[in-house]
Amino acid sequence: MARSEFRFVVDGVELTTEQQSRIASEIQKAGLNALAEVNTKLTNPLSVGHANLRLRPEWYGLWVIDGPFADELGLKINELGFWMQK
């Protein structure tokens, strides 16, 4: 399975929780837009991510998962009632 990881780091700037959440949201949008710009061929993508500091402060970002693992993970999420297959 191929994996590409891209990071955006801000160092030396104090950001409020609200600013961090808004920046994370904008980076998620930019990442999805970049996938569309380069005509990525995704078969059944599953996007998982958040910017809620209280939920998981160490986990900012968005994972775009495709292929058999996306199907498997999507079905598990669907059992919890959060995901609907197209």
Side-chain angles (χ1 to χ4, degrees):
M1 177 189 323
R3 178 181 177 152
S4 299
E5 187 172 328
F6 306 93
R7 294 176 182 256
F8 178 79
V9 177
V10 178
D11 195 359
V13 179
E14 292 295 327
L15 299 170
T16 67
T17 301
E18 171 66 21
Q19 289 171 319
Q20 291 174 9
S21 288
R22 289 182 61 192
I23 290 169
S25 176
E26 292 301 319
I27 291 169
Q28 290 175 357
K29 291 179 207 173
L32 292 175
N33 186 52
L35 285 172
E37 285 291 322
V38 298
N39 295 319
T40 305
K41 303 294 184 223
L42 302 173
T43 56
N44 190 21
L46 173 64
S47 298
V48 180
H50 77 82
N52 185 336
L53 288 178
R54 290 171 295 204
L55 183 61
R56 294 284 306 265
E58 76 284 2
W59 186 38
Y60 270 124
L62 179 70
W63 276 255
V64 177
I65 305 164
D66 194 42
F69 182 61
D71 293 334
E72 178 184 328
L73 185 57
L75 290 173
K76 288 179 182 178
I77 292 170
N78 196 37
E79 289 173 5
L80 298 173
F82 297 113
W83 185 70
M84 294 175 50
Q85 192 170 14
K86 291 182 181 179

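Here Glu5 pairs with Arg3, Arg7 under the side chain to side chain donor-acceptor pair (under 3.5 Å) rule; sequence neighbours left out.
Val64 and Phe6 fall into different hydrophobic clusters, defined by Ile, Leu, Val, Met, Phe, Trp and Tyr side-chain heavy atoms under 4.5 Å apart, directly or through other members. Cluster membership for Phe8 and Leu15, using ILVMFWY side-chain heavy atoms within less than 4.5 angstrom, is shared.
Taking the charged nitrogens against the carboxylate oxygens, Glu72 and Lys76 do have a contact shorter than 4.0 Å, which makes a salt bridge.
Side-chain contact between Leu32 and Gln28 is absent, with no heavy-atom pair separated by less than 4.5 Å.
Across all non-hydrogen atoms, the minimal contact from Lys41 to Asp66 is O-OD2, 4.1 Å. Of all the heavy atoms in Gln19 and Glu14, the pair that sits closest is OE1-O, 4.2 Å. The minimum heavy-atom distance linking Asn44 with Ala70 is given by the pair O-CB, 3.6 Å.
With side-chain heavy atoms closer than 4.5 Å counting as contact, directly or through intermediates, Val9 stands alone and belongs to no larger hydrophobic cluster.
Here the CD atom belonging to Glu18 is positioned 10.0 Å from the CD1 atom belonging to Ile23, to the nearest 0.5 angstrom. Taken from CG in Leu42 to CD1 in Ile65, the straight-line distance is 11.5 Å, to the nearest 0.5 Å.
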